[in-house]
Amino acid sequence: MSTKQIHVFISHSWAYSEHYDRLSEWIFKDWRLGQASLVFCDFSVPKNDPIHNANNDLQLKNAIL
C-alpha cells in the first residue's frame, strides 16, 4: 500500500474559526483511494501561533513555510 501526501493551506479568518474547524475536520480525516492512503498535511496558520510580524508577501510566505 502506498501513501500519498497532500499539502493543504486553508485561507481563513480566525474571527470565523468555526468554518475552518468544520472544514478541517472533514479534510484531515483518514482517506483511502483504492490501496493508497492519502495524508493531508495542514499548512494553515494555527490559531495558537498567528503571524503578526509579516510586513510583505515574501515574509508571509516564509512564515507559512
Side-chain angles (χ1 to χ4, degrees):
M1 179 182 332
S2 65
T3 300
K4 305 237 185 260
Q5 190 176 70
I6 301 166
H7 297 188
V8 178
F9 174 79
I10 303 171
S11 179
H12 62 284
S13 168
W14 287 117
Y16 307 102
S17 63
E18 68 278 358
H19 298 222
Y20 169 82
D21 293 340
R22 189 174 312 126
L23 183 59
S24 66
E25 285 174 12
W26 180 75
I27 291 175
F28 301 112
K29 63 180 182 174
D30 289 334
W31 287 85
R32 301 248 183 248
L33 182 61
Q35 294 295 317
S37 175
L38 302 178
V39 177
F40 290 86
C41 299
D42 190 356
F43 276 68
S44 303
V45 177
K47 191 173 188 174
N48 61 346
D49 190 16
I51 299 170
H52 292 295
N53 58 349
N55 296 316
N56 57 49
D57 292 350
L58 181 58
Q59 289 178 354
L60 180 60
K61 179 181 177 182
N62 289 335
I64 290 170
L65 299 177

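Residues: numbered from 1 along the sequence shown. Keep in mind that the numbers below use all heavy atoms, side chains included, and drop hydrogens, waters and symmetry copies.
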Exercise for the section: Check side-chain contact (heavy atoms from CB on, under 4.5 Å) between Asn56 and all other residues, then give those that pass, not counting sequence neighbours. Expected result: Leu58, Gln59

Handout entry: Partner set under side-chain contact (heavy atoms from CB on, under 4.5 Å) for Lys29, not counting sequence neighbours
Key = Trp26, Trp31

Exercise for the section: Answer yes if Val39 and Leu23 sit in the same cluster of Ile, Leu, Val, Met, Phe, Trp and Tyr residues linked by side chain heavy atoms under 4.5 Å apart, and no otherwise. Expected result: no

Does any part of the side chain of [Y], heavy atoms only, come nearer than 4.5 Å to the side chain of [X], both counted from C-beta?
X     : Y     : answer
Phe28 : Val8  : yes
Ile51 : Leu60 : yes
Gln5  : Cys41 : yes
Ile10 : Ile27 : yes

Exercise for the section: State the CG-CG distance between Asn62 and Asp57, to the nearest 0.5 angstrom. Expected result: 11.0 Å

Completion exercise
Looking only at heavy atoms, the pair that brings Phe43 and Phe9 closest together is O-CD1, 3.2 Å

